[in-house]
> 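Here it is, the structure, as structure tokens.
In the text below, chain A, chain B and the rest are named by the order of the sequence lines, each starting its count at 1. Not measured: the values here are computed from a predicted model.
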2 protein chains.
Amino acid sequence: MNIVSTLDRLHAGLRRIAPRHEISLIAASTLARLERSGPQRLSDLHDPEGVSQPAMTQLITRLERDGLATRGSDPADGRAVRVAVTDAGRAAVARRRGAHAEGVARAFRQLSAEERAIILTAVPALDRLSELLRTPD
Amino acid sequence: MNIVSTLDRLHAGLRRIAPRHEISLIAASTLARLERSGPQRLSDLHDPEGVSQPAMTQLITRLERDGLATRGSDPADGRAVRVAVTDAGRAAVARRRGAHAEGVARAFRQLSAEERAIILTAVPALDRLSELLRTPD
DNA sequence: TGGATTACATAAGCACGTGATATGACTTCC
DNA sequence: GGAAGTCATATCACGTGCTTATGTAATCCA
């Protein structure tokens, strides 16, 4: 399948876009989820984000240290931790999105109008593919 | 730009495909380059792979330890190191490609024929995009 | 020949991931 | 209602992969 190499190359390219001074993909993805769906328990975060529970604990520890998220207690369950995004967290997500958009836009501008159109046409299908990649059926 | 979120989601999805017991993207990419272009000096590897020289030194050290690559000396330059891929390295690349292909194929099968067609049509444009992402003009 | 440059290695440190295990809180069941 | 089990989270030990700063040779050149 030729598509495999294409996705690998895309993966490598996207890794390179990652602006060194912005938050990571996993950090942004988790904060965006908290922004979108409100405070979540740790155990409700690690699975959708596709990482182990210890990995999520550690990520939240880093986010908390950097003031991007907070740990709160769940009144209904003493074991649980309610994670929430802070204003600084929301700002960090927006900043990353902006930096990322700039990197993509720079590459995009160098494509032909036709190439751009083809890619934009494929966006819904690519989104579906991403979702399917996420769920190991 | 909607495309930014799409690429982020794709990036996250591709990260999740990565089979736990196969070599990493950077290892595979470097070994594939050695396979494609023959033995290379360390300094000729780190830049195209988009990592620092120490990162490449460390990668080659791990690859050498695992028997996937070898360090040889350059008769013409006593400072240089000639890195070559071994048969085991070639096998590891092939194995990873296979595992990766399987993951992609599984997702692909769940797409509609139309979605598949749209994505395949976009492959050349996506390759161009990947290449442009790689070069920070 | 001796100082600058080049190629690579080393060191210290951080992000991110894993599996195994500890700890404390809820639940269940006799 | 208390022992036993389960659940949520944390901690530990470890590995990869990345960075910047710096060390150490070998080569180049004025």
Side-chain angles (χ1 to χ4, degrees), chain A residues 11-12 14-31 39-84 89 92 96 136, chain B residues 11-12 14-31 39-84 89 92 96 136:
Chain A
H11 191 175
L14 289 171
R15 253 173 34 108
R16 222 159 296 189
I17 281 287
R20 203 67 247 158
H21 304 294
E22 303 294 340
I23 59 178
S24 69
L25 177 59
I26 180 67
S29 173
T30 302
L31 290 175
Q40 305 274 318
R41 298 166 62 139
L42 237 155
S43 51
D44 294 334
L45 283 173
H46 86 258
D47 205 76
E49 291 296 336
V51 299
S52 65
Q53 173 264 312
M56 185 52 66
T57 288
Q58 292 162 20
L59 171 61
I60 300 302
T61 298
R62 288 190 301 272
L63 293 178
E64 198 178 20
R65 181 202 59 197
D66 297 341
L68 307 182
T70 58
R71 271 189 173 88
S73 52
D74 185 334
D77 189 337
R79 298 166 298 179
V81 159
R82 282 180 76 75
V83 183
R96 178 186 189 277
Chain B
H11 190 174
L14 289 170
R15 252 173 35 108
R16 223 159 296 191
I17 283 287
R20 200 69 246 156
H21 304 294
E22 304 294 341
I23 59 178
S24 70
L25 176 59
I26 180 69
S29 173
T30 301
L31 289 175
Q40 305 274 317
R41 298 167 60 139
L42 235 153
S43 50
D44 293 334
L45 284 172
H46 86 258
D47 205 74
E49 291 296 336
V51 300
S52 66
Q53 172 264 311
M56 184 52 67
T57 288
Q58 292 160 19
L59 171 61
I60 299 303
T61 299
R62 287 191 300 272
L63 293 178
E64 199 177 19
R65 180 202 59 197
D66 297 341
L68 307 182
T70 57
R71 271 188 173 89
S73 52
D74 185 335
D77 190 336
R79 298 166 299 179
V81 160
R82 283 180 74 76
V83 184
R96 179 186 189 278

> Using atom types as modelled and distance alone, determine if a side-chain donor or acceptor of A:R96 lies under 3.5 Å from a backbone N or O of A:A18.
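Not at all, since once roles are kept as given, no pair shorter than 3.5 Å links the two residues.
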> Give a yes/no answer on whether the side chain of B:R41 brings an N or O atom under 4.0 Å of OP1 or OP2 in C:dA7.
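Looking at the OP1 and OP2 atoms of C:dA7, one of them is under 4.0 Å from a side-chain N or O of B:R41.
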> Under 4.0 angstrom, heavy atoms only, what part of the nucleic acid is B:R82 near: base, sugar-phosphate, or nothing?
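The answer is nothing, as B:R82 stays clear of every strand by at least 4.0 Å.
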> Could you check B:A76 against A:Q53 and say which one's nearest nucleotide on DNA chain D is further toward the 5' end?
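So the residue in question is A:Q53.
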> Checking all strands, does B:S24 fall into the base, sugar-phosphate, or nothing category for heavy-atom contacts under 4.0 angstrom?
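If one applies the 4.0 Å heavy-atom cut-off, B:S24 turns out to touch the sugar-phosphate alone, with no base involved.
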> For the atom pair CG (A:L63) and OG1 (A:T30), what is the distance rounded to the nearest 0.5 Å?
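OG1 of A:T30 is found 7.0 Å from CG of A:L63.
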> What is the distance, rounded to the nearest whole Å, between atom CG of B:L63 and atom C1' of D:dG17?
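Those two atoms, CG and C1', are 12 Å apart.
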> Calculate the interatomic distance between B:D47 atom CG and D:dC18 atom P; express it in whole Å.
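These atoms are roughly 14 Å apart.
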> Between C:dA11, C:dT18, C:dA9, which nucleotide has the shortest distance from any of its atoms to the side chain of B:L42?
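Closest nucleotide to the B:L42 side chain: C:dA9.
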> Side-chain N or O of B:T57 versus OP1/OP2 of C:dC8: is the shortest distance under 4.0 Å?
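Looking at the OP1 and OP2 atoms of C:dC8, neither is under 4.0 Å from any side-chain N or O of B:T57.
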> Taking only side-chain N and O atoms of A:R65, does any of them lie within less than 4.0 angstrom of OP1 or OP2 on C:dA15?
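True: A:R65 side-chain N/O within range (under 4.0 Å) of C:dA15 OP1/OP2.
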> Taking only side-chain nitrogens and oxygens of A:R62, does any of them come within less than 4.0 Å of OP1 or OP2 of C:dC14?
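Looking at the OP1 and OP2 atoms of C:dC14, neither is under 4.0 Å from any side-chain N or O of A:R62.
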> Output the rounded distance in Å from CG (B:L25) to P (C:dC16).
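It works out to 17 Å between those atoms.
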> Using whole Å, what does the distance between atom P of nucleotide D:dT20 and atom NE2 of A:H21 come to?
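Checked: the NE2 to P distance equals 8 Å.
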> Check the phosphate of D:dC18 against B:S52, side-chain N and O only, distance under 4.0 Å to OP1 or OP2. Yes or no?
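The answer is no; no side-chain N or O of B:S52 sits under 4.0 Å from OP1 or OP2.
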> Which is more 5' along DNA chain C, the nucleotide nearest A:I23 or the one nearest A:P54? Just name the residue.
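Checking each residue's closest nucleotide, the 5'-ward one belongs to A:I23.
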> Considering just the side-chain nitrogens and oxygens of A:S43, establish if one lies under 4.0 Å of OP1 or OP2 belonging to D:dT9.
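True: A:S43 side-chain N/O within range (under 4.0 Å) of D:dT9 OP1/OP2.
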> Are OP1 or OP2 of C:dA9 and a side-chain N or O of B:R71 less than 4.0 angstrom apart?
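It does, given that an N or O in the side chain of B:R71 lies less than 4.0 Å from OP1 or OP2 of C:dA9.
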> Check the distance between C:dG24's C1' and A:D74's CG and give it to me in whole angstrom.
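Rounded to the whole Å, the gap is 15 Å.
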> Taking C-beta and beyond as the side chain, do B:L59 and B:V51 meet within less than 4.5 Å on heavy atoms?
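No, every pair of side-chain atoms sits at 4.5 Å or beyond.
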> Whole Å only: how far is the CG atom of A:D77 from the P atom of C:dC26?
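In whole Å, C:dC26 P and A:D77 CG are 6 Å from each other.
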> Which nucleotide sits closest to the side chain of A:A80: D:dC12, D:dA8, C:dC8?
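The listed nucleotide nearest to A:A80's side chain is D:dA8.
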> Just wondering, do B:D47 and B:M56 contact through their side chains at under 4.5 Å, heavy atoms?
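They are not in side-chain contact.
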> Rounded off to whole Å, could you give me the CD-to-C1' distance for the B:Q58 and D:dT16 pair?
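After rounding, the reported distance stands at 10 Å.
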> Give the rounded distance in Å between these two atoms: CZ of A:R16 and P of D:dG17.
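Distance check: A:R16 CZ to D:dG17 P gives 15 Å.
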> Using the closest heavy atom to pick a nucleotide of DNA chain C for each, name whichever of A:R79 or A:A55 lands nearer the 5' end.
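Result: A:A55.
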> Indicate yes or no: at least one non-hydrogen side-chain atom of A:R82 is less than 4.5 angstrom from one of A:R71.
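No, too far: nothing below the 4.5 Å cut-off.
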> Taking the side chain as every heavy atom from C-beta outward, state whether A:V83 and A:E64 have any atom pair closer than 4.5 Å.
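Of all side-chain heavy-atom pairs linking A:E64 with A:V83, none is under 4.5 Å.
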